[in-house]
There are 2 protein chains.
Amino acid sequence: MAYSTVNDDELLSRSTDVFRTLGYEGTTLSRLSAATGLEKASLYHRFPGGKDQIALAVAGGVLAWFQKHVFEPFKSTEAPRRKAGAVVEQLRVFYADGTKPCALDALSLSGGGPELAEALKGALLAWLKAFTEIARESGLSAAESKRRAEQAVIQIEGSLILSRVLGDTKAFRRTLEELPGLLTAE
Amino acid sequence: MAYSTVNDDELLSRSTDVFRTLGYEGTTLSRLSAATGLEKASLYHRFPGGKDQIALAVAGGVLAWFQKHVFEPFKSTEAPRRKAGAVVEQLRVFYADGTKPCALDALSLSGGGPELAEALKGALLAWLKAFTEIARESGLSAAESKRRAEQAVIQIEGSLILSRVLGDTKAFRRTLEELPGLLTAE
DNA sequence: GTCTATATTAAGATAGAC
DNA sequence: GTCTATCTTAATATAGAC
């Protein structure tokens, strides 16, 4: 194989694509090698812990991406409804219009060990917290804000599955349309 | 290994548990052998097509289970709200109170080939159709019935993921509580 | 119809050259 | 820091005894 090099961001991004699409069990070092252009031995050099460590890095990377593109925008001084609209566009990018599975779904099915499970749980809790805060800020009660945040995540995850199985992203796109109304007071 | 035998129903039921928990890629003949008590060679005798054929049988078996326990009860002459309540109990059983993943989710992630994908799509369409009919029967418009059926499936799939990642089935149990109200006119 | 035994391929992982 | 080469284990799959 020709000598190759790829920076940490690219390496993580391409690995994330593999893991979220094939799941933890479906992801192999051979497939990661094909996706990143690095030989297996090189992957072990960057991640001595092998597949487990890469999966953990992927989970951490996804959380970092959400923190930057989804959670942070919520802390701006703009109106809640406007912020929700901006965040919807970032979600559309992350899920490639509903064609790419959620990493939480793909990585939480089997395999992966307790450390990965903890990382996924932490990421989901951070997501719920961020959604709860924007609902709260829009004037909703604490209880109602929590309920709507959960509902929003459920809606995203569920509609992604429908879209995937039906081969039609309509359900996901409608979820995004309805998201600002769900997360903020009318 | 001691001589073993298991009837078709048990074989399918135990295989289903493996596939829905570990996903298509995570399921191996060794694990199926451990779960069913049959040696790998015996599994090939019952399913010459190997893993692919077993996965197809699992998809068909799940659809058959839903037809018997979920879709059929909808055709009784009882009141829609009452039927919805009975079906909720069957869903609680199938998903083991929210602790077992949905086969549609687990089997649609990667692997499995186009035949399996078609089987999953057919099962989901049948599910949506059944849910739409009970909503329609309760007096809702055709459009609203279709919307609520989709919403119900999204809610089930999404809450299962939340329950799995958080290690807490609260979200799924609330989904079941709200299901009769969602599927039928108030 | 299930078993033991085995063939073949691919998985995770490491050693060492460059 | 990436490569080639190799090790060990586990995967899918088949042959043939009982």
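On a predicted model such as this, the values are computed, not experimentally measured, just so you know. Reminder, nothing fancy here: chain letters follow the sequence lines and each chain counts from 1.
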Tell me: CG of A:Asp8 to P of D:dG1, nearest whole Å?
-> 9 Å
Ionic contact status for B:Arg20 with B:Asp105, cut-off 4.0 Å | no
Anything under 30° is parallel, anything over 60° is perpendicular, the rest tilted; go ahead and classify A:His69 against A:Trp65.
-> parallel
No-hydrogen, no-angle side-chain donor-acceptor test under 3.5 Å, B:Thr175 and B:Ser159 = yes
In whole angstrom, give the distance that lies between atom CE of A:Met1 and atom P of D:dA5.
-> 14 Å
For the pair made of CG in A:Leu43 and C1' in C:dA11, what is the distance, rounded to whole Å?
-> 14 Å
Is any side-chain N or O of B:Tyr3 closer than 4.0 Å to OP1 or OP2 of C:dC3?
-> no
Spacing of B:Leu29 atom CG relative to C:dT8 atom C1', expressed in whole Å | 14 Å
Taking the side chain of B:Ala41 as its heavy atoms from C-beta onward, which of D:dA11, D:dT14, D:dT4 lies nearest to it?
-> D:dT14
Just by distance, with hydrogens left out, do B:Ser108 and A:Arg164 show a side-chain donor and acceptor under 3.5 Å apart?
-> yes
Gap between atoms CG and P, on A:Leu38 and D:dT4 respectively (whole Å) | 12 Å
5' priority, DNA chain C, between A:Pro48 and A:Ser30 [closest heavy atom] = A:Ser30
Has A:Arg46 got a side-chain N or O lying under 4.0 Å from the OP1 or OP2 atom of D:dT2?
-> yes
Donor-acceptor contact present, side-chain B:Thr184 to main-chain B:Pro80, <3.5 Å = no
Answer with base, sugar-phosphate or nothing: what part of the nucleic acid does A:Thr28 contact at a heavy-atom distance below 4.0 Å?
-> sugar-phosphate
C:dT9 P sits how many Å from B:Lys40 NZ, rounded?
-> 16 Å
B:Ile54 CD1 to D:dT12 C1': how many Å, rounded?
-> 11 Å
N or O in side chain of A:Tyr44 less than 4.0 angstrom from C:dT14 OP1/OP2 | no
Taking the side chain of A:Ser4 as its heavy atoms from C-beta onward, which of C:dA13, D:dC3, C:dG1 lies nearest to it?
-> D:dC3
Have a look at B:Thr27 and say if it touches a base, only the backbone sugar-phosphate, or nothing, with a 4.0 Å heavy-atom cut-off.
-> sugar-phosphate
With a non-hydrogen cut-off below 4.0 angstrom, is A:Lys51 in contact with a base, only sugar-phosphate, or nothing?
-> sugar-phosphate
Looking at D:dG1, C:dC3, C:dA13, which one has an atom nearest to any side-chain atom of B:Glu39?
-> C:dC3
CD of A:Glu25 versus P of C:dG12: gap in Å, rounded?
-> 10 Å
